Amino acid sequence: MSTASDTLSESTPAPAPPPSDLLDRLVSLGKQRGFFYQSSEIYGGINALYDYGPLGTRVRRNIRNRWWRSTVELRDDVEGIETSIIMNPQVWVASGHVAGFSDPLVDCTGSCRRRWRADHLPAERAARGRAPDAPGCPECGGDLTEPRQFNLMFRTFLGPVEDTSAQAYLRPETAQGMFVDFKSVLTSSRQRVPFGIAQNGKSFRNEISPGNSIFRTREFEQMEMEFFCEPGTDDHWFDYWRAERFRWYVEELGVRSSRLRLRDHEPDELAHYAKAATDVEYLYPFGWGELEGIANRTDFDLTAHQTASGVDLTYLDPVSGRRYIPYVVEPAAGVDRIMLTVLIDAYDEEEVRGERRVVMRMHPDVAPVQVAVLPLSKKEELTGPARELEHRLRPHFATEYDETQSIGRRYRRQDEIGTPLAVTFDFDSLEDHAVTIRERDGMTQVRVPVEGLEGALRDELARFRERTAARARGGSAG
RNA sequence: GCGGGAGUAGCUCAGCCGGUAGAGCAUUUGCUUCCCAAGCAAAGGGUCGCGGGUUCGAGUCCCGUCUCCCGCUCCA
């Protein structure tokens, strides 16, 4: 087994969670600055669905890009694909979602008003429903409603005619696309087991109780990878991905390790398809929550699809000549949750000269803006060259130009959205052709010639990256 | 779905026993050779979540509804 969580839980005291009102502050900030807001707000909003604003969209793209880069582009053993959101409904029959992705629920109409899963109640209680002499609710003895099906898959219809033969589903996970396309990818990519197939995209679940802002929504975005390997090597790959995925959050997103843990599932909480599972969890203001699940799905899915479709999904190893259905190790992460985590983990407040400074200590590659270009004054002699400078940097960095209000205010505004570097063009710049680079965390400044600015910014960002990862490793950021 | 709390300016909130809507911050404009939320002056911004009712009059009282937060329940 990997050591990340074991080491942590043994050698460090219980980590301090973020302050409990942080989520509220982030929701305000998110709306004010354009990270995320409730969907369809002018119509009164809609439950558990969110839109991402200009800054939030940048952060999400950065998260996706970093995942794609490390999971697909930098590896020669993982292929990326994109499959359709609506698939042949038989996919969801074979995968077990049609039968198993729903719960029959009954409500107590007596004094306790609790809700129960009908299939968890003793048979005679549920069966008698509302009968007056039935034992009813296990808690208070009150009457129970008839069981109602809560199917967690969104249903829709393919084509304009809404009859049951046209019924289809919005995918509740992207994973099935990788299983169903396993054979096509195998033959078109010249990959050999062990190898992985990855994709990122939207999934939909009719959650019974969504909540905690963007943590649990009904439409969400997944980043999933199915790693196919020979049976018998699956434990090894499970441990490998378990450690690799933990590392990714710390090293590449800068999430402090002291608020991360790997939690292995107990045998009785394992999904029916899994032999082993571990959650990467983060300590949110509302408690530990799952960021990513790593599961050993065995050969469950490929076997199920082979049986249901009648298509041979076995793999013939060209070296050993062995034929088998590969086992699958799956790391499955949620983009929305990662963004929430990044924001929560980076959020910091400090006192500077008696004033409160809000600063997002984000990893420079995740931050929505990397370099802000600011003329010291709004005088045209400065704004002209500063604008020009910003346009020159724009192809190389995520830049933003801001000339409104005082320079101090603009620094603070950039701090609040996590911009690591600000370039300030002042009156001296007109003479000495040099500008100031101001850095977010310590508010220190260096003067550099405009000529070498691009390289200087690159160097600064590299140092930033190292600092962020070191801080995340050490635990106590801020 | 149940219980509790809450919806008033972009954000945070005040608004008493019903009398015609306010603060701080933010935003915009002007002036200031201006490096850490600086100063001065001015401006814009609200059908008080939505619908109905009571009343001479409703942000305020009543009913309905939608949304958010917390808890329960649930979570492939």
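Chain identifiers are assigned alphabetically (A, B, ...) following the order of the sequence lines, protein sequences preceding nucleic acid strands; residue numbering begins at 1 within each chain. A quick note: this is a predicted structure, and the numbers were derived from the prediction, not measured.
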Checking base pairs now: Watson-Crick or wobble, both atom distances under 3.5 Å. What partners C2(B)? G71(B)

Kindly list each side-chain donor-acceptor pair under 3.5 angstrom involving residues 376-386 of chain A, sequence neighbours excluded, with atom names and distances?
| residue | atom | partner | partner atom | Å |
| --- | --- | --- | --- | --- |
| Ser377(A) | OG | Lys379(A) | N | 3.0 |
| Thr383(A) | OG1 | Glu380(A) | O | 3.4 |

Taking for each residue the nucleotide of RNA chain B with the nearest heavy atom, is it Leu376(A) or Ser406(A) whose nucleotide lies nearer the 5' end? Leu376(A)

Ignoring backbone atoms, test whether Ser28(A) places a side-chain nitrogen or oxygen under 4.0 Å from the OP1 or OP2 oxygen of U12(B). yes

C11(B) P sits how many Å from Tyr37(A) OH, rounded? 12 Å

Atom-pair distance (CG on Leu26(A); P on U12(B)), nearest Å: 12 Å

Write down the distance between CD (Glu226(A)) and C1' (A76(B)), rounded to a whole number of angstrom. 12 Å

Name the pairs: protein N/O against N/O of nucleotides 64-68 of chain B, kept only if under 3.5 Å.
| residue | atom | partner | partner atom | Å |
| --- | --- | --- | --- | --- |
| U67(B) | O4' | Gly44(A) | O | 3.2 |
| U67(B) | O3' | Gln38(A) | NE2 | 2.9 |
| U67(B) | O2' | Gln38(A) | OE1 | 3.4 |
| U67(B) | O2' | Gln38(A) | NE2 | 3.1 |
| C68(B) | OP1 | Ala48(A) | N | 2.9 |
| C68(B) | OP2 | Asn47(A) | ND2 | 2.3 |

By salt bridge (Lys or Arg N to Asp or Glu O under 4.0 Å), Arg155(A) pairs with (sequence neighbours left out) none

Tell me if the centroids of the rings in His305(A) and Phe182(A) come within less than 6.0 Å of each other. no

How many whole angstroms separate atom CZ of Arg218(A) from atom P of C74(B)? 17 Å

Honestly, is Arg245(A) close enough over Trp248(A), meaning NZ or CZ under 6.0 Å from the six-membered ring centre and within 45° of the axis? yes

Ring-plane angle category for Tyr240(A) and Trp237(A), please: parallel below 30°, perpendicular beyond 60°, tilted otherwise. perpendicular

N-glycosidic conformation, C17(B) - syn within 90 degrees of 0, else anti: syn

Distance between the P atoms of G18(B) and C62(B), in whole angstroms? 11 Å

In terms of relative ring orientation, are His97(A) and Trp92(A) parallel, tilted or perpendicular, with 30° and 60° separating the classes? perpendicular

Taking a pair as Watson-Crick or G-U wobble with both distances under 3.5 Å, which nucleotide is matched to C40(B)? G30(B)

Taking CD from Glu381(A) and C1' from C34(B), how many angstroms apart are they, rounded to a whole number? 12 Å

Separation between the P atoms of U12(B) and U27(B), rounded to whole Å: 16 Å

If you find the nucleotide of RNA chain B closest to Phe425(A) and the one closest to Glu173(A), which residue's nucleotide is nearer the 5' end? Phe425(A)

Chi angles and distances behind the salt bridge (Lys or Arg N to Asp or Glu O under 4.0 Å) call for Asp264(A), Arg242(A): CA-CA 10 Å; Asp264(A) 295 326; Arg242(A) 192 175 172 278; 3.0 Å; yes

A58(B) -> Watson-Crick or G-U wobble partner, both distances under 3.5 Å, gives none

Between A26(B) and C40(B), how far is it from one P atom to the other, in whole Å? 13 Å

C36(B) P sits how many Å from Glu416(A) CD, rounded? 19 Å

Thinking salt bridges, do Asp415(A) and Arg440(A) make one under a 4.0 Å N-O criterion? no

Contact letters for nucleotides 24-30 of chain B, in which S counts primed atoms plus P, OP1 and OP2 and B counts the base, heavy atoms under 4.0 Å: --SSSSS

Distance under 6.0 Å and angle within 45° of ring axis: Arg261(A) vs Trp288(A): yes

In whole angstroms, how far is the C1' atom of C75(B) from the CD atom of Glu290(A)? 10 Å

What about Tyr282(A) and Tyr249(A), are their ring centers closer than 6.0 Å? no

Verify the ring-centre separation between Phe154(A) and Tyr169(A): is it less than 6.0 angstrom? no

I'd like a table of atom pairs between the protein and nucleotides 7-9 of chain B - only N or O on both sides, under 3.5 Å - with the distance next to each one.
none

Looking at Phe464(A), I'd like to know if the NZ or CZ of Arg467(A) sits under 6.0 Å from its six-membered ring centre while staying within 45 degrees of the ring's axis. yes

In residues 427-443 of chain A, which ones come under 4.0 Å of RNA chain B, going by heavy atoms? Phe427(A), Thr436(A), Arg438(A), Met443(A)

Checking contacts here: which listed nucleotide (U33(B), C35(B), A37(B)) is nearest the side-chain heavy atoms of Gln445(A)? C35(B)

Could you check whether Asp426(A) gets within reach of a base, just the sugar-phosphate, or nothing at all, counting any heavy atom under 4.0 Å? base

Separation of atom CZ in Phe286(A) from atom P in C70(B), rounded to whole Å: 8 Å

Watson-Crick or G-U wobble partner of G7(B), both distances under 3.5 Å: C66(B)

Can you tell me whether the side chain of Arg216(A) and the base of C75(B) have a donor-acceptor pair closer than 3.5 Å? yes

Taking the six-membered ring for Trp, is the centroid-to-centroid distance between Phe228(A) and Phe195(A) below 6.0 Å? yes

